[in-house]
J.: 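I'd like to ask you about the structure that follows.
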Amino acid sequence: MSNLLTRTLVGIVFLAVMVFGLIWDRMIFGCLFLIILYFCLKEYYEISLGGRFKLGSKLGILTGAAAFVAVACVRFWDMDTALLLIPLGFLLLIPVAAVLFGDKDNYSDVEVIYGGLLYIALPISLSPFVVMDGPVFDGWLLLSLFILVWVSDVGAYCLGTLFGQKPDSAKLAPEISPHKSWWGFWGGVALSLVAAFVLNRLGWFAFSVWHSLAVGLIVSMGGVCGDLFESLWKRHFHVKDSGSIIPGHGGMLDRFDSSLVAIPLACVYLAAFGLL
């Protein structure tokens, strides 16, 4: 099977799973995003640590998973907020593990553990707040934000491929990702704004068209930053993909690098205006 066909088929399945998990049921959503969190953290730690401080990476994954489950239990089923102390306990075990079992010559390993939690676990763990409308599960807003990320990627790819690969085309960040161009950047922004306007007209964004366009702009620009940040990380560790769990697409972190920055930024904007 050709790589293009594999990418297309896997991409369709990926989209179907994401849409189903985002809108169908809170339990399905929880299981899906717990899997995403696990593999993103696993890939991040495996590449960043190179096999060092394995106990720390396991504690990092356990902390991230516990944080997501605790927030989901509190937000989905109105359980006691004391559950949020459980991930805090795991978090505090990381320095203990570093003292007892860590590599004393690689203190930066601890920074990697905490960095992964901040970069990956924190935004995913807070996602249950975005998919609840009072006591009712409603994943349409989060799905809409993902749609903006995906549409922006398509716009960047199409315009970037058509016009951005010419020798005289201005590159966006050549020292990080040589193939990304300003053509692609503006193509992603333009298509994201169009998609935001359409989502507003469809009623998927329950706020004004101006706020919708602002969200479209934030998601597109934040997605570019998230993509470039992961590219910077991969370049530092000399890897092409974060993993190989998704055939033809690389690792889980490769699929969610844009979302980890773009969607939290959009949610901060919405929360600032009392729209979330």
Side-chain angles (χ1 to χ4, degrees), residues 10 13-49 54-94 112-133 135-146 149-150 226 230 242-247 249-264 267:
V10 172
V13 173
F14 172 81
L15 287 175
V17 170
M18 285 297 296
V19 172
F20 180 72
L22 281 164
I23 65 174
W24 193 259
D25 176 77
R26 67 190 72 188
M27 182 63 75
I28 294 174
F29 169 85
C31 292
L32 174 63
F33 273 69
L34 189 60
I35 291 170
I36 293 169
L37 184 151
Y38 169 77
F39 281 105
C40 283
L41 275 178
K42 181 174 181 288
E43 292 169 359
Y44 184 80
Y45 288 149
E46 284 180 349
I47 291 175
S48 299
L49 294 172
K54 292 184 179 180
L55 178 58
S57 63
K58 290 178 180 177
L59 281 173
I61 293 172
L62 186 59
T63 300
F68 177 81
V69 171
V71 172
C73 287
V74 171
R75 192 68 188 92
F76 288 170
W77 296 287
D78 199 26
M79 294 187 182
D80 195 330
T81 54
L83 285 172
L84 299 175
L85 295 175
I86 295 175
L88 179 61
F90 291 129
L91 187 71
L92 296 176
L93 285 177
I94 295 172
V112 169
I113 301 299
Y114 283 122
L117 291 173
L118 182 64
Y119 170 43
I120 296 168
L122 179 62
I124 295 178
S125 295
L126 294 177
S127 60
F129 287 101
V130 186
V131 295
M132 294 298 291
D133 183 8
V136 179
F137 177 78
D138 183 2
W140 287 98
L141 174 60
L142 188 55
L143 174 60
S144 299
L145 295 176
F146 270 108
V149 173
W150 300 331
E230 199 223 9
S242 67
S244 58
I245 189 173
I246 307 176
H249 291 261
M252 192 69 76
L253 190 53
D254 291 322
R255 294 305 92 209
F256 289 92
D257 54 355
S258 299
S259 307
L260 287 171
V261 175
I263 292 179
C267 290

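For the numbers below, each heavy atom of this structure counts, side chains included, while hydrogens, waters and symmetry mates do not. When a residue number appears, it is its place in the shown sequence, counting from 1.
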J.: What residues form a salt bridge (Lys or Arg N to Asp or Glu O under 4.0 Å) with Glu230, not counting sequence neighbours?
T.: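 So Glu230 forms a salt bridge (Lys or Arg N to Asp or Glu O under 4.0 Å) with Lys234.
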J.: How long is the straight-line distance from OG of Ser57 back to CG of Leu62, given to the nearest 0.5 Å?
T.: 11.0 Å
J.: Enumerate donor-acceptor pairs with a distance under 3.5 Å from any side-chain N or O in residues 112-133 to protein atoms, sequence neighbours excluded.
T.:
residue, atom, partner, partner atom, Å
Tyr114, OH, Leu91, O, 3.2
Ser125, OG, Phe68, N, 3.4
Ser125, OG, Ala121, O, 2.7
Ser127, OG, Ile124, O, 2.6

J.: Not counting sequence neighbours, which residues clear side-chain contact (heavy atoms from CB on, under 4.5 Å) with Val13? List them please.
T.: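 Checked Val13 against side-chain contact (heavy atoms from CB on, under 4.5 Å); matches are Val17.
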J.: Does Phe39 have any side-chain contact (heavy atoms from CB on, under 4.5 Å) partners at least two apart in sequence or in another chain, and if so, which?
T.: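 Counting only residues at least two positions away or on another chain, Phe39 forms a side-chain contact (heavy atoms from CB on, under 4.5 Å) with Ile35, Ile245, Met252.
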J.: Please report the interatomic distance CD1(Ile36) to CZ(Phe256), rounded to the nearest 0.5 Å.
T.: 3.5 Å
J.: Scan Leu41, Ile94, Leu92 and name whichever one has a side chain to side chain contact (heavy atoms under 4.5 Å, CB included) with Thr63.
T.: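 Only one option passes, and that is Ile94.
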J.: Walk me through it: do Asp25 and Phe137 pass the test side-chain contact (heavy atoms from CB on, under 4.5 Å)?
T.: CA-CA 7 Å; Asp25 176 77; Phe137 177 78; 5.5 Å; no
J.: For side-chain contact (heavy atoms from CB on, under 4.5 Å), just list the numbers for Ile23 and Leu142, CA-CA rounded to whole Å, side-chain angles, deciding distance to a tenth of an Å, and then say yes or no.
T.: CA-CA 9 Å; Ile23 65 174; Leu142 188 55; over 6 Å; no
J.: How far does CZ of Phe20 sit from CG of Leu143, to the nearest 0.5 angstrom?
T.: 13.5 Å
J.: Taking all non-hydrogen atoms of both residues, which atom of Ser242 and which atom of Glu43 are closest, and how far apart?
T.: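 Closest pair (atom of Ser242, atom of Glu43, distance): OG-OE1, 2.9 Å.
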J.: If you measure from SG on Cys31 to CZ on Phe29, what distance do you get to the nearest 0.5 Å?
T.: 11.0 Å
J.: Less than 3.5 Å apart, which donor and acceptor atoms pair up between the side chains of residues 75-89 and the rest of the protein, not counting sequence neighbours?
T.:
residue, atom, partner, partner atom, Å
Arg75, NH1, Gly134, O, 3.4
Arg75, NH2, Gly134, O, 3.4
Asp80, OD1, Ala82, N, 2.9

J.: Rounded at 0.5 Å granularity, tell me how far CD1 in Ile246 sits from CG in Asp254.
T.: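 Answer for the CD1-CG pair, Ile246 versus Asp254, is 8.0 Å.
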J.: Show your reasoning for whether side-chain contact (heavy atoms from CB on, under 4.5 Å) applies to Trp150 and Met18.
T.: CA-CA 12 Å; Trp150 300 331; Met18 285 297 296; 4.0 Å; yes
J.: Decide yes or no on side-chain contact (heavy atoms from CB on, under 4.5 Å) for Ser259 and Phe146, but give the supporting numbers first.
T.: CA-CA 7 Å; Ser259 307; Phe146 270 108; 3.4 Å; yes
J.: Restricting to side-chain contact (heavy atoms from CB on, under 4.5 Å), what partner residues turn up for Ser258, sequence neighbours left out?
T.: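 Scan of Ser258 (side-chain contact (heavy atoms from CB on, under 4.5 Å), adjacent residues dropped) gives Val149, Asp153, Asp227.
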